[in-house]
Amino acid sequence: MPGIIKEKPDMSFTPESLVRVPRHVAIIMDGNGRWAKQRGLPRSAGHQQGTENLRQILKAAVEFGVEILTIYAFSTENWKRPRHEVALLMRILEMVIDRELRELNENGVQIRHIGELDGMPERLQRKVREACATTAQNDRLILNVAFNYGGRDEIVHAVQHIIQAGIAPESVTEDLISSYLYTSGLPDPDLIIRTSGEFRLSNFLIWQGSYSEYYYTPVYWPDFNKQEFWQALVDYNHRKRRFGKTDDQLEQE
Ligand code: FPP
């Protein structure tokens, strides 16, 4: 399977043992439902275990020296799920904010939200705003929570705002468009990880991910532990990022 290294990963878990640590890692946390089904449990148990798992991955991200972690928690397409599951995912975000905000803040995590707040329950909108405001000055790790997020939706919003701002067509550049996205001001993801053996982008960071490296693993999200994360970073270190250039050009740089 592409993206999975055959050799044993270096288990020293120190950023120094990597040639380069990706600054920005984005994760499609997939497979909660199948994880639960495999164990004869309800899907909700998979989401709960997936939420627990997020804690260790956040800790590991800081330890590994990752600066920005973007997680895909709820897509614009996830509204199509059964109502009780949609409600559960909303409750999970609220619970995570209620239970973890203080500790995240003490640990220097800056919480950002990407996606549309409109459409989410008002109380949740307030909590998300409050979590972002409380942690805005932190700089140890940026945690970008993609919730009610869709890549196409994001581009539609950007275009609407560009038109509303009366920007002339000749002034529309790639940088300008980037500056109108939810991720404005952040570097594009270096590495996008998807768990659970699916090989799709599912409307995630479709603009920002155009030169990202992709890593796919069959492991379901609740089982994607620190070691699996490390393996993804080791694999990333074996990639040659050419950004459209030739090997010769890169050697001369
Ligand atoms: C995909 O698994 C997972 C989701 C749609 C939700 C991801 C949410 C979490 C991991 C909880 C953390 C959430 C927040 C808000 C911080 P799936 O349900 O599609 O699994 P399946 O493909 O096996 O059915």
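For ligands, and for the atoms within them, numbers begin at 1 and follow the listed sequence.
Residue, atom and distance of the protein heavy atom nearest to atom 19 (O) of ligand 1 are Arg81 NH2, 2.7 Å. Scanning all protein heavy atoms for the shortest distance to atom 5 (C) of ligand 1 gives Asn78 OD1, 3.7 Å. Here the heavy atom of the protein found nearest to atom 1 (C) of ligand 1 is Met29 O, 3.3 Å. The closest protein non-hydrogen atom to atom 13 (C) of ligand 1 is Ile92 CG2, 3.8 Å. Nearest protein heavy-atom neighbour of atom 14 (C) of ligand 1: Ala73 CB, 3.8 Å. Taking atom 22 (O) of ligand 1 as the reference point, the nearest protein heavy-atom neighbour is Arg34 NH2, 3.0 Å. In terms of protein heavy-atom proximity, atom 16 (C) of ligand 1 is nearest to Leu54 CD2, 3.7 Å. Of the protein's non-hydrogen atoms, Thr51 OG1, 3.7 Å is the one closest to atom 12 (C) of ligand 1.
Partners of Phe229 by ring-ring contact (aromatic ring centres under 6.0 Å, His included), not counting sequence neighbours, listed by chain and number: Phe64.
Considering backbone and side-chain atoms alike, Asn32 places an N or O below 3.5 Å from some N or O of ligand 1. The shortest N or O to N or O distance between Asp30 and ligand 1 is below 3.5 Å.
Residue pairs meeting the ring pair (Phe, Tyr, Trp, His ring centres under 6.0 Å) criterion with at least one partner in residues 78-104, sequence neighbours excluded, are Phe74-Trp79.
In this structure the side chain of Asn107 never reaches within 4.5 angstrom of the side chain of Val62, judged on heavy atoms. With contacts defined as side-chain heavy-atom distances shorter than 4.5 Å, the pair Gln231/Tyr215 qualifies.
The part of Trp221 lying near ligand 1 is the side chain, judged by heavy-atom distances below 4.0 Å.
For ligand 1 and His47, the ligand atoms under 4.0 Å from any heavy atom of the residue are 18 (O).
For the pair Thr51 (side chain) and His47 (backbone), a donor-acceptor distance under 3.5 Å is present. Using a distance-only test at 3.5 Å, with no hydrogens or angles considered, a donor-acceptor pair links the side chain of Asn53 to the main chain of Phe224.
Compare Arg91, Glu52, Arg43 by their heavy atoms: the one nearest to atom 24 (O) of ligand 1 is in Arg43. The closest non-hydrogen atom to atom 20 (O) of ligand 1, taken over Gly50, Ala146, Gly33, comes from Gly33.
Taking 4.0 Å as the cut-off, Gly31 counts as a neighbour of ligand 1 on heavy-atom distance.
Side-chain contact check for Ser196 and Trp221: no donor-acceptor pair (N or O, by modelled atom type) lies under 3.5 Å. With hydrogens and angles left out, the side-chain atoms of Gln208 and His24 include no donor and acceptor closer than 3.5 Å.
Distance check: Lys127 NZ to His113 NE2 gives 15.5 Å after rounding to the nearest 0.5 Å.
With respect to Ile27, the side-chain contact (heavy atoms from CB on, under 4.5 Å) criterion is satisfied by exactly one of Leu69, Ile192, Thr70, Leu191: Leu69.
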